**Q** 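Here it is, the structure, as structure tokens.
Source: prediction; values computed, not measured. Chain identifiers are assigned alphabetically (A, B, ...) following the order of the sequence lines, protein sequences preceding nucleic acid strands; residue numbering begins at 1 within each chain.
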Amino acid sequence: MYDFAFQTPASVSDAVKMLADDTEAKLLAGGQTFIPVLKQRLNKPSVIVDLNGLGLSGITSAPDKITIGGMTTHNAIMSNPDIQKRIPGLAKMASWIGDTQVRHRGTMGGSLANNDPSACYPTAVLAIGATIVTDQRRIPADEYFQGMFTTALAPEEIVTAIEFPIPEKSNYEKFRNPASRYAMVGVFVAKGPAGIRVAITGAAQDGVFRHTAMEQALATNWSADAIKGIVTPADGLNSDIHASAEYRAHLIGVMTRRAVAGA
Amino acid sequence: MPQVSLTVNGTPHTVEVEGRTLLVELLREKLSLTGTHVGCDTSQCGACVVHIDGYSVKSCTMLAMQAEGAMVTTIEGLAAADGTLHPMQEMFREHHALQCGFCTPGMVMSAIDLVNMHPQGMTEDEIRHGLEGNLCRCTGYHNIVKAIDAAQKLMHPMAQAAE
């Protein structure tokens with residue numbers, strides 16, 4: 001790892017200023033992706049601005065929404081009784097990320113800022129129609145994800161919270177890579193204020209996307225049988241040593257049916 | 001050079017580190033606590049697991065500077081001053097839950113957190129699943145699972161009695 005200056009801002013605005021002062025400065029959230037990236041020398045920041053200790057973690061439950069602070073850990077999300085009860089698909093998703101030790105450090109805001117094309121959270125955010133709250137503005141899920149490792153965030157913008165409306169039904173199913181446990185295909189289904197939505201991760205080169213053919217079929221009939229005949233084209237899906245694009249296309253059908261059946 | 005102040009196994013330390021120094025490097029190289037191992041260095045194997053404020057973390061995937069003000073417990077901090085082993089250590093010995101021993105410190109630290117997180121007790125399946133962040137290349141895990149099952153009965157006697 002290349003060396004860098006480690007800075008602990010006193011506030012979010014302080015952190016923004018540190019980023020503005022140095023174009024090579026980078027934010028550190030839970031570090032469960034970023035520290036491995038630094039070890040591989042894939043990134044060479046001059047300054048690391050640590051977001052721990054700014055009070056950005058915590059979960060609040062209101063009648064119409066659950067708000068999750070950007071620095072809230074996967075472990076806190078999976079074990080929160082309100083999330084377990086009101087958005088069970090999200091609690092289940094968090095419990096499947098990494099392992100216990102990773103879940104004690106990794107954060108929702110960090111994952112969403114990174115937007116790994118195999119990350120789980122983007123599917124929940126997109127399917128439920130959540131809002132990404134930053135220090136500057138509120139970004140609807142539909143505008144937030146812009147392709148592999150790309151988001152609507154400006155370079156000096158910080159995710160402070162994520163607001164989830166409460167879906168009537170939600171569920172997540174994930175076909176895990178047997179070694180890394182990353183999603184080879186992950187499917188989040190939701191029926192709620194944003195309508196009926198099916199969001200897919202791990203499968204496409206551009207990251208998370210909505211499966212509109214599945215959504216239309218489920219809008220007519222919310223059941224696994226309703227989407228049985230839908231064929232997902234393999235165009236634009238990932239092909240690697242773990243699975244071909246055709247195999248991933250098949251998995252999307254299987255995992256979506258399981259997700260609907262279990263919702 | 002930056003400094004970090006933290007408490008390790010009950011003893012306060014202030015240590016000079018670089019920004020890039022990992023917590024595991026601080027523990028092993030600055031404090032000579034070599035019981036915490038570096039196996040894969042890619043946050044997969046769990047040989048480097050320590051407790052930060054009571055929670056298990058992979059110390060190869062945390063910067064030393066992030067431990068400012070933290071209470072760190074390593075494998076060296078588990079036994080009592082008179083040498084009495086922690087129940088988890090005792091059960092690892094009792095059930096022969098190690099062969100080469102390389103993964104053992106991380107296994108023990110993860111196992112204690114796992115038991116702490118499940119005061120109601122865990123089934124064998126839950127214990128196996130809960131160890132997903134720790135790799136062992138010798139034992140086949142079976143005796144490790146047996147040791148953790150025995151230790152949870154010692155650590156949470158009331159939960160077991162209520163069953």
Side-chain angles (χ1 to χ4, degrees), chain A residues 1-9 22 24-54 57 71 73-76 78-79 95-107 110 176-182, chain B residues 1-5 17-25 38 40-70 106-107 109-119 122 126-135:
Chain A
M1 199 183 326
Y2 298 111
D3 199 17
F4 45 78
F6 183 89
Q7 294 188 357
T8 46
D22 187 337
E24 300 295 313
K26 290 280 180 200
L27 295 171
L28 176 64
Q32 301 305 289
T33 298
F34 193 43
I35 292 174
V37 163
L38 292 173
K39 285 184 179 184
Q40 294 177 69
R41 298 188 172 180
L42 295 173
N43 204 312
K44 191 184 176 185
S46 53
V47 173
I48 294 269
V49 180
D50 187 18
L51 292 175
N52 289 276
L54 297 183
S57 64
M71 288 293 288
T73 63
H74 312 319
N75 186 63
M78 67 181 265
S79 46
S95 78
W96 285 352
I97 296 173
D99 51 52
T100 299
Q101 291 72 37
V102 168
R103 291 192 291 267
H104 280 325
R105 298 288 303 170
T107 66
R176 285 177 271 192
N177 177 309
S180 74
R181 300 299 194 189
Y182 263 85
Chain B
M1 208 181 235
Q3 287 190 333
V4 59
S5 295
V17 293
E18 292 183 301
R20 64 178 167 182
T21 303
L22 298 168
L23 178 60
V24 70
E25 293 169 340
V38 179
C40 68
D41 201 21
T42 52
S43 52
Q44 296 174 69
C45 79
C48 67
V49 171
V50 300
H51 291 186
I52 302 287
D53 299 325
Y55 290 104
S56 60
V57 303
K58 291 182 167 172
S59 63
C60 82
T61 311
M62 180 169 168
L63 300 173
M65 292 294 287
Q66 290 182 286
E68 175 67 38
M107 279 287 178
M109 298 311 287
S110 288
I112 291 171
D113 189 27
L114 196 60
V115 171
N116 287 341
M117 286 168 70
H118 295 86
M122 289 175 288
E126 286 168 331
I127 294 171
R128 286 183 189 278
H129 186 71
L131 288 176
E132 65 184 335
N134 292 75
L135 301 179

**Q** Which of residues 33-49 of chain A have a heavy atom under 4.5 Å from any heavy atom of chain B?
**A**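 So the qualifying residues are I35(A), P36(A), K39(A).
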
**Q** If you measure from CD on Q66(B) to OG1 on T8(A), what distance do you get to the nearest 0.5 Å?
**A**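 Rounded to the nearest 0.5 Å, the CD-OG1 separation comes out at 11.0 Å.
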
**Q** Examine the side chains of S110(B) and Q101(A) and answer whether a donor and an acceptor come within less than 3.5 Å of each other.
**A**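 The answer is yes; a qualifying pair exists.
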
**Q** What's the separation between atom CD in Q32(A) and atom NZ in K58(B), rounded to the nearest 0.5 Å?
**A**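 Between atom CD of Q32(A) and atom NZ of K58(B) there are 8.5 Å.
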
**Q** Can you confirm whether L63(B) sits close enough to F4(A) that some side-chain heavy atom of one is under 4.5 Å from a side-chain heavy atom of the other?
**A**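 SC-SC contact between L63(B) and F4(A) confirmed.
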
**Q** If you tally heavy-atom pairs under 4.5 Å against chain A, which of G69(B), G130(B), G19(B) wins?
**A**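 Of G69(B), G130(B), G19(B), G19(B) has the most heavy-atom pairs under 4.5 Å with chain A.
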
**Q** For T21(B), is it the side chain, the backbone, both, or neither that has a heavy atom closer than 4.5 Å to a heavy atom of chain A?
**A**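 For T21(B), no heavy atom lies under 4.5 Å from chain A.
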
**Q** Applying side chain to side chain donor-acceptor pair (under 3.5 Å), name anything that partners D113(B), two or more places apart in sequence or on another chain.
**A**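 So D113(B) forms a side chain to side chain donor-acceptor pair (under 3.5 Å) with H104(A), S56(B).
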
**Q** Looking only at heavy atoms and a cut-off of under 4.5 Å, which of T42(B), D41(B), I52(B) has the most pairs with chain A?
**A**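 It is D41(B).
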
**Q** Contact part of D50(A) toward chain B, heavy-atom cut-off under 4.5 Å: side chain, backbone, both or neither?
**A**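 The side chain, not the backbone.
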
**Q** Rounded to the nearest 0.5 Å, how far does CZ of R20(B) lie from CG of D3(A)?
**A**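 Those atoms lie 4.5 Å apart.
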
**Q** With a 4.5 Å cut-off on heavy-atom pairs, point out which of M65(B), E18(B), Q44(B) contacts chain A the most.
**A**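 That would be M65(B).
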
**Q** Do other residues, nucleotides or ligands put more than 12 heavy atoms under 6.0 Å from Y182(A) OH?
**A**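 No, because the 6.0 Å sphere around OH of Y182(A) holds 12 heavy atoms or fewer from other groups.
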
